[in-house]
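Only one structure is covered here, and it is reproduced in the block below.
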Number of protein chains: 2
Amino acid sequence: MAEQRWTLNRRRLLTGGAAVAAGAALTQCATAGSSTPTGFGSATEPFHGRHQAGIATPPQAHALFVALDMAPSADRSPRDTLIAMLRLWSSDAARLTAGQPALADTEPELAQHPSRLTVTVGIGPHVFDRIGLAHRRPDSVSELPAFSTDRLDRRWCGGDILLQICADDRVAVAHAARVLLKNVRTLTVQRWRQDGFRTARGADKSGATMRNLMGQVDGTANPREDAELDRYVWDDGSQQPWFAGGTVLVIRRIRSELDTWDELDRTSKELTLGRRLDTGAPLTGEGEFDEPDLAATENGIPVIPPNSHVALARRQSDDERFLRRGYNYDDPPTVGTTDAGLIFAAYQRDPARQFVPVQRRLAEADAMNPWITTIGSAVFAMLPGVPEGGYLGQNLLG
Amino acid sequence: MAEQRWTLNRRRLLTGGAAVAAGAALTQCATAGSSTPTGFGSATEPFHGRHQAGIATPPQAHALFVALDMAPSADRSPRDTLIAMLRLWSSDAARLTAGQPALADTEPELAQHPSRLTVTVGIGPHVFDRIGLAHRRPDSVSELPAFSTDRLDRRWCGGDILLQICADDRVAVAHAARVLLKNVRTLTVQRWRQDGFRTARGADKSGATMRNLMGQVDGTANPREDAELDRYVWDDGSQQPWFAGGTVLVIRRIRSELDTWDELDRTSKELTLGRRLDTGAPLTGEGEFDEPDLAATENGIPVIPPNSHVALARRQSDDERFLRRGYNYDDPPTVGTTDAGLIFAAYQRDPARQFVPVQRRLAEADAMNPWITTIGSAVFAMLPGVPEGGYLGQNLLG
């Protein structure tokens, strides 16, 4: 059969027409992966486990966030559509993250360098209604309240399903996105797509916290230890047993108003932030991880202004911490010089007790507000991890 | 003075208004760069030299190509505008590529990890008329003829000035783009902007030729040795002495029609290309760099089909070679699943004798044509290199 097709196609080419071989089976290439990668391209992150990878995983250099809506179907219930997608993605992602081509991968060579590829999936708050499982929606998975500083553009908001793809090589991200999206293209409509980056892997081995494009270190106060992650990030299943090991993502697109930010002198920027720009240290300290001393004064004036970003963002109860894993964006501007900012991604057990109170304070008074504008926002239940042989969301849907 | 501003601004913050410090001088931060980068972030490419960097430079992982038009000005001639831009960029680029903040760099920390940053500048064919130097336009710097397969979209075509920024870290690209573009924002209008990537630095240390998102190795036949670069890439100044050491860039945006390409079986793809997908070897050879044997037959049928891509792209005279330094793109689709392809960038002495005859053959008969669509096209005179103390284009404009 393969012989026959070879001859057929060669004849077609020789006669001048390079037509699609109609009905030709999509075949997996068994020989792909035979070369030996010698760089970090061969590094992998485990797909199976109690939690999905791509959350507590040390952030890769590149991230693509794609929000999809389930396409209406006459033949299939939304619940069956979701099950079909999640089964397919679980199978594809297990292979791709291990550096193996997906089943029927048409560019198997592009799967050879996973570069710590992770595939992480979430579902939006409204999906539980649509699949007839409203009673299984965790209370923590709810739309955010409106904040006074929001300037939301519908094209960056919401979504039924979030597909988050991260890797240290943008090629690995592109290939995984292609495979995962085309395999569900009849089931879904793409709603929005955001492409982000951090410092390249290997560029800075100092372990420094990432900087955003306004020049600030970003993510200093993150929980890092396992016990902290259990406390602040991973759901324990006490309200919805199926959700144990999952987490809730708040993703916001925050545009930086660089043209006006750049008009501020350095001292004003540091007073706005409450931190030094060079080291990231609070204005009362020497090192990035020093605790800000909000009570410290100099000649009777607080050293850290009370409406500086650090003063307001800082937790005021022990609940108000979450895992930030944001990415910079730098897109072609439609007007002006630059369209850049931060894809803010915060993972937490319950936004109502963690993100929302912090964001309320910031919306009300943050000295940064004139230079940052939230233009997109969404919440997703990031599914618990998958055991070998299982599929994403199985405890909810199975 | 610094003390005074500190107090003034702190007061402003304390009283609740974080207003822009009007008229505050943009000051360079002398302390930036004081930390010691330990990864490849500190690697640099020389800015000064006989040729601009970013052409024969081993390709970095990321590239941003921005085409600008000169804004009309009542106060200044186009020639003076161009001189002002090129002086500014020469100064900024010399600093940024060395890992130093630009003058008045408002995010100096982002300059610390140049990661082999290069800044490469070209001017379009029509600029010579506009600046009153039509007689100094090299004949090689001309618009391309139309090709029958072109489906050009004006928003990806032309431009007065090309700014090409490459680095192994996307953050370094973003920072350089911000500095260079904002410093000329009153002088220019952005025309188009294309963001591209290749395999991440360090992901694959085998030295393999890059793959595009269709899975093919891309760039096998490149000139590599200095003598080849002098023969095929660098202008020798024989027609226009000022252009010695420059080169001509043909940049084309080539969309991949992945949905239909993915319907082809592997054998058909290889016959379309004339190369094996796994190794990149011609169908008559074993290794990527083996010479294709276009005369070889099997049972009387050519092994490499005569209208395969490799058969038609292969040089038919000794002139038809050029330096390809393309980048993949993968953008949010406006319709369908994927908007991906290749930012084809080919550097050469004379497109009329190098790129054009090859592209004519391809447009006429390339078996690849159903799966690739050229939607953007532009030509730029990439300026000769800059000696220390000089500025880009000085031999033309000075």
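Each chain gets a letter, A, B and so on, in the order the sequences are listed, and its residues count up from 1.
Between B:Asp262 and A:Glu107, the shortest heavy-atom contact is OD1-OE2, 2.8 Å. Closest heavy-atom contact between B:Leu213 and B:Ala340: CD1-CB, 3.9 Å. In terms of heavy-atom proximity, A:Arg201 sits nearest to A:Ala61 at N-CB, 3.9 Å. Shown here for A:Gln190 and A:Leu68, the closest heavy-atom pair between the two residues is CG-CD2, 3.5 Å. The two residues B:Ala365 and B:Leu312 come nearest to each other via the heavy atoms C-CD1, 3.6 Å.
The candidate with the highest count of non-hydrogen atom pairs below 4.5 Å against chain B, out of A:Val171, A:Val189, A:Leu64, is A:Val171. Ranked by non-hydrogen atom pairs under 4.5 Å with chain A, the options B:Ala167, B:Pro332, B:Ala172 are led by B:Pro332. Considering only heavy-atom pairs separated by less than 4.5 Å from chain B, the leading option among A:Val184, A:Thr188, A:Asp330 is A:Asp330. Among A:His175, A:Gln216, A:Arg185, the residue making the largest number of heavy-atom pairs under 4.5 Å with chain B is A:Arg185. Heavy-atom pairs under 4.5 Å with chain A were tallied for B:Gly215, B:Ala177, B:Ala43, B:Ala208; the largest tally goes to B:Gly215. Interface remark: of the candidates B:Asp195, B:Leu258, B:Val173, B:Leu258 forms the most heavy-atom pairs closer than 4.5 Å to chain A. When each of A:Asp168, A:Leu181, A:Asp259 is scored by its heavy-atom pairs under 4.5 Å with chain B, the top score falls to A:Asp259.
Of the two parts of B:Asn212, only the backbone, made up of N, CA, C and O, holds a non-hydrogen atom closer than 4.5 Å to a non-hydrogen atom of chain A. Looking at B:Ser115, only its side chain comes within 4.5 Å of chain A, counting heavy atoms on both sides. Contacts of B:Ala174 with chain A are made by both backbone and side-chain atoms, with heavy-atom separations under 4.5 Å. Neither the backbone nor the side chain of A:Trp192 comes within contact range of chain B, judged by heavy atoms closer than 4.5 Å. Residue B:Met210: no heavy atom, backbone or side chain, is found under 4.5 Å from chain A.
Here the side chains of B:Leu283 and B:Arg275 are not in contact, with every heavy-atom distance at 4.5 Å or above. Side-chain contact check for B:Thr338 versus B:Pro333: every heavy-atom pair is 4.5 Å or farther apart.
Ring geometry for A:His62 against B:His62 counts as tilted: the plane angle lies between 30° and 60°, on a 0 to 90° scale.
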